[in-house]
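Since this is a predicted model, take the numbers as computed values, not measurements. Heavy atoms only: backbone and side chains are in, while hydrogens, waters and symmetry mates are out.
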Amino acid sequence: MAVTPNAPPVEFARKGANPTLMTLELIRGALRQAPGPMNRNRLLKSLSAWGHGTSRQALNAALRFLASNGVVVEGSKGLQYVPEAEGRMLETIQRKRSASRSSPRR
């Protein structure tokens, strides 16, 4: 991944884990259609059933991107789509995001 000296630093792109726009849209669509929280394995199966395979690394990168934009949240029961968060919900998402950035990665 070549980056020019004046380019801004990348936050989500990783070697071998760069999801396409189609992958992002399908993940968002799968989570929107889900009746409740869904785990990563079920999400990968949904994508596969639609004829779109992706790696777990690309899935995780896409989920990090969607979560940073407040579109997806992860709780103890799995991942869930958040329709246009505002007010207290947006504050909660941002607080959780800040806490997860400050804690060490697993």
Residues in salt bridge (Lys or Arg N to Asp or Glu O under 4.0 Å) with R40, at least two apart?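 In terms of salt bridge (Lys or Arg N to Asp or Glu O under 4.0 Å), with neighbours along the sequence ignored, R40 is linked to E74.
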So N60 and R64, do their side chains get closer than 4.5 Å, heavy atoms only? yes
Distance check, rounded to the nearest 0.5 Å: [X] atom [atom1] versus [Y] atom [atom2]?
X: T54; Y: L26; atom1: OG1; atom2: CG; value: 9.5 Å
X: L59; Y: L63; atom1: CG; atom2: CG; value: 4.5 Å
X: Q57; Y: K15; atom1: CD; atom2: NZ; value: 11.5 Å
X: M38; Y: Y81; atom1: CE; atom2: OH; value: 14.5 Å

Heavy atoms only: give me the nearest [X]-[Y] pair and the separation to one decimal.
X: R42; Y: P37; value: NH1-O, 3.8 Å
X: H52; Y: T20; value: CE1-OG1, 4.4 Å
X: A61; Y: P19; value: CB-CD, 3.9 Å
X: A62; Y: L24; value: CB-CD2, 3.5 Å
X: G29; Y: W50; value: C-CH2, 4.4 Å

Start with the C-alpha distance between Q33 and S46, add both sets of side-chain angles, then the distance that settles side-chain contact (heavy atoms from CB on, under 4.5 Å), and finish with yes or no. CA-CA 11 Å; Q33 290 178 1; S46 293; over 6 Å; no
Using only atom types and a distance under 3.5 Å, with no angle test, would you say the side chain of N69 pairs donor to acceptor with the backbone of V71?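 Side chain of N69 to backbone of V71, a donor-acceptor pair under 3.5 Å: no, none is there.
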Which residues pass the side chain to side chain contact (heavy atoms under 4.5 Å, CB included) test with S48, not counting sequence neighbours?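 Per chain and number, S48 pairs via side chain to side chain contact (heavy atoms under 4.5 Å, CB included) with no residue.
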